Peer 1: 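To start, I am sharing the structure in question, which I have written as structure tokens.
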Amino acid sequence: MDLLLCRAWLVDGSGDPGRDAEVAVTGDRITAIGAPGELTPGPETKVVDLDGLTLAPGFIDIHTHYDAQILWDGDLTPSCWHGVTTVIMGNCGFGVAPTRPPHRDIIVRTLENVEGMSMEALNAGIDWCFETFPEYLDALDKRRKRLNVGAFLGHTPLRLFVTGGEERAATPDEVDTMRGLVREALAAGAVGLSTSRQPAHQGAYGRPVPSRFAEVDEVDALAAELGAAGKGILQVSIGPGMFVNQFSDLSSRYGIPVTWTALVARADKPGAAMRTVERGGALPGEVYPQIACRPIVMQVTLADPAPLGEIDEWKEVLARPRAERAAMLRDPAWRDRARPATLEGWAHRWPKVSVDETVTDPDAIGIPLDRLAQQRGTTAFDLMLDIALADDMATRFRVVLDNDGDDEIGDLLADKRTILGLSDAGAHASQLCDACYSTHLLGHWVRERKALGLEDAVWRLTGQPAHAFRIAERGLVREGYFADLVAFDPASIGTTLMRRVHDQPGSADRLVVGSTGVQHMWINGVPARTDGEDLTDTAAGRLIRG
């Protein structure tokens with residue numbers, strides 16, 4: 001054996017009770033699991049005394065958007081700081097491949113508007129050394145990676161590649177072409193197909209993203225290719241014509257797993273999320289609604305008002321270049337049109353919107369906008385715009401978007417019909433950082449709230465996503481499995497305070513969160529963190545081909 005981890009409290013990812021154990025690793029594989037003192041190291045074996053730390057499989061994050069960031073950040077920060085050893089990207093129908101050269105700007109602008117990515121960072125950081133999806137996977141395969149990476153084929157770049165961006169239903173010939181490209185992507189190693197019908201997904205120039213122009217029959221035809229190939233998962237952002245009945249039907253007819261986003265718990269609609277779980281759970285098929293274990297809270301500027309894109313009048317703002325958006329917010333005619341729709345559309349959010357950072361109006365910080373507007377004799381809509389405009393659009397508003405039904409989040413976590421995801425790591429980088437969801441789960445929901453046990457929480461992060469996403473030989477501590485392992489202290493695991501850094505290409509900013517209590521990590525048998533410190537020269541991650 002090359003490595004022996006002794007005096008561990010093993011929580012193996014299956015959901016079974018933890019136990020005292022030691023684990024041997026040879027090369028990139030787990031080669032033996034024994035009771036304390038049972039395994040004998042050789043003269044060249046490195047022995048690590050875990051001194052009672054919990055040893056678990058490396059965590060698997062199924063919902064990331066690292067498709068672009070991986071091209072400049074092989075460490076995939078901050079996920080790698082939180083016990084995550086495998087990430088799946090290309091969710092919600094988005095990605096950077098396949099992309100023809102004339103469409104690169106549309107892809108960048110789509111990622112800017114929908115996923116809150118910095119256009120400056122994207123333009124400076126993407127190396128367009130690929131056009132097709134197989135070429136993109138080959139490029140990833142050759143790059144230095146700290147973590148294991150799998151990728152969905154996104155319906156939006158696929159559709160753009162085939163239809164040229166025309167906003168219409170695809171022709172039968174175009175659907176056949178897309179089916180062929182899905183087959184090609186699956187053969188190359190795509191983990192599946194992702195798509196979006198989400199009305200809030202407004203892409204380049206404020207227009208609906210290409211996948212939203214697909215008819216339901218088109219999605220059905222592409223899903224059929226997953227079934228025919230006998231591999232691949234379908235991931236859907238819900239919208240018209242795509243909800244629990246359709247997911248059950250697709251899964252049952254084609255024999256494929258389906259996962260959908262997002263199932264959120266809202267404080268103003270208690271019990272609604274659990275009713276959806278019951279409704280979907282009564283239907284046949286293998287369907288996984290994705291949940292989050294943190295409130296979805298964004299720091300939003302009106303220079304990049306993506307969360308407001310669900311309101312028609314704000315689609316006009318997103319259609320303008322960033323430099324022209326302030327002028328539209330000043331326009332009285334636009335305000336008169338946008339005011340009623342915005343006040344109504346965000347009626348449930350105004351009590352949860354407040355100023356987070358501003359130079360010109362510090363007295364406004366931390367006060368819910370609806371209450372502050374009443375004090376100042378105006379509307380929350382007008383107050384938000386006036387503060388932003390006075391601050392040269394630099395004001396950051398704290399917006400609780402969703403998933404603020406705290407008690408119901410605990411109920412969702414305890415229900416094994418749901419799957420934990422929605423970190424959105426790599427997206428909305430200047431607006432939120434939920435890449436820390438794994439350490440938050442173990443600290444807040446396990447240790448502090450006791451909403452679920454340690455074994456169930458580790459299964460949520462490892463064995464369950466590995467099964468649902470068909471990630472072979474990962475997600476469990478088993479002989480013969482890859483040695484993706486994390487050792488942590490349950491008494492101290494958690495998250496640090498959020499901070500803003502300027503470390504993306506073009507000096508673009510983002511929010512990051514660190515971890516506490518994550519002491520050791522191994523990826524494919526190679527140490528990536530030791531005694532709570534990351535090892536800077538680690539590059540043991542691999543491309544996971546579905």
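By convention here, the first residue in the shown sequence is residue 1. All values derive from a computational prediction rather than experimental measurement.
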Peer 1: Does the ring center of H201 lie less than 6.0 Å from the ring center of F94?
Peer 2: yes
Peer 1: Does a side chain donor of either E112 or S118 reach within less than 3.5 Å of an acceptor in the other side chain?
Peer 2: no
Peer 1: Is the backbone of D503 close enough, under 3.5 Å, to the side chain of S507 for a donor and an acceptor to pair up by distance?
Peer 2: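 Checking the backbone N and O of D503 against the side chain of S507, no donor-acceptor pair under 3.5 Å is found.
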Peer 1: Looking at R398, I want to see if its CZ is surrounded by more than 12 non-hydrogen atoms of other residues, nucleotides or ligands under 6.0 Å.
Peer 2: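 Open: at most 12 neighbouring heavy atoms sit under 6.0 Å from CZ of R398.
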Peer 1: Within a radius of less than 6.0 Å around CD of E135, do more than 12 heavy atoms belonging to other residues, nucleotides or ligands occur?
Peer 2: yes
Peer 1: Quick one: do E184 and R179 make a salt bridge, cutoff under 4.0 Å?
Peer 2: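 So E184 does not pair with R179 through a salt bridge.
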Peer 1: With the side chain counted from C-beta on, respond yes when V25 and L485 share a heavy-atom pair under 4.5 Å apart, and no when they do not.
Peer 2: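 Yes, close enough: below the 4.5 Å cut-off.
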Peer 1: Sequence neighbours left out, what passes side chain to side chain contact (heavy atoms under 4.5 Å, CB included) with P321? Give chain and number order.
Peer 2: E324
Peer 1: With sequence neighbours left out, what residues match T195 under side-chain hydrogen bond (donor to acceptor under 3.5 Å, both in side chains)?
Peer 2: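 In terms of side-chain hydrogen bond (donor to acceptor under 3.5 Å, both in side chains), with neighbours along the sequence ignored, T195 is linked to H155.
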Peer 1: Could you tell me how the ring of F469 sits relative to the ring of F152: parallel (under 30°), tilted (30 to 60°) or perpendicular (over 60°)?
Peer 2: perpendicular
Peer 1: Cut-off 3.5 Å, side chains only: do Y288 and E286 have a donor facing an acceptor?
Peer 2: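 A pair is found: one side chain offers a donor N or O, the other an acceptor, under 3.5 Å apart.
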Peer 1: Relative to F213, does R159 satisfy both conditions: NZ or CZ under 6.0 angstrom from the six-membered ring centre, and within 45 degrees of the ring's axis?
Peer 2: no
Peer 1: Between Y254 and D220, is any side-chain donor less than 3.5 angstrom from a side-chain acceptor?
Peer 2: yes
Peer 1: Evaluate the ring planes of H65 and H63, with Trp represented by its six-membered ring, and classify them as parallel (under 30°), tilted (30 to 60°) or perpendicular (over 60°).
Peer 2: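 Judged by the thresholds at 30° and 60°, the geometry between H65 and H63 is perpendicular.
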Peer 1: Can any side-chain N or O of D12 pair as donor or acceptor with the backbone N or O of V477 at less than 3.5 Å?
Peer 2: no
Peer 1: Regarding R294 and the six-membered ring of Y437, is the cationic atom NZ or CZ under 6.0 Å from the ring centre and inside 45° of its axis?
Peer 2: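 Ring-cation test returns no.
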Peer 1: Do NZ/NE/NH1/NH2 and the carboxylate oxygens of D75 and R144 come within less than 4.0 Å?
Peer 2: yes
Peer 1: Is a side-chain donor-acceptor pair under 3.5 Å present for T261 with Q290?
Peer 2: no
Peer 1: Once you measure the plane-to-plane angle for F243 and F247, does it fall in the parallel (<30°), tilted (30-60°) or perpendicular (>60°) bin?
Peer 2: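 Because their plane-to-plane angle is over 60°, the rings of F243 and F247 count as perpendicular.
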Peer 1: Report yes if some heavy atom in the side chain of T86 is under 4.5 Å from a heavy atom in the side chain of R474; otherwise report no.
Peer 2: yes
Peer 1: Quick one: does any side-chain atom of R29 pair with a main-chain N or O of Y481 as donor and acceptor, under 3.5 Å?
Peer 2: no
Peer 1: For Y205, run the side-chain hydrogen bond (donor to acceptor under 3.5 Å, both in side chains) check against R109, R320, K315 and tell me which one passes.
Peer 2: R109
Peer 1: Look only at the side chain of S248 and the backbone of P284, and say whether a donor-acceptor pair between them is shorter than 3.5 Å.
Peer 2: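 Yes; judged by distance alone, with no hydrogens or angles, the pair exists.
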Peer 1: Is atom CD of E167 surrounded by more than 12 heavy atoms (other residues, nucleotides or ligands) closer than 6.0 Å?
Peer 2: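 More than 12 heavy atoms, drawn from other residues, nucleotides or ligands, come within 6.0 Å of this atom.
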Peer 1: Give a yes or no on whether the backbone of G494 and the side-chain of T516 come within a donor-acceptor separation of less than 3.5 Å.
Peer 2: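 Present.
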Peer 1: Does a donor on one side chain and an acceptor on the other come within less than 3.5 Å for R104 and N123?
Peer 2: no
Peer 1: Is any NZ, NE, NH1 or NH2 atom of the basic residue among D484 and R542 found under 4.0 Å from an Asp or Glu carboxylate oxygen of the other?
Peer 2: no
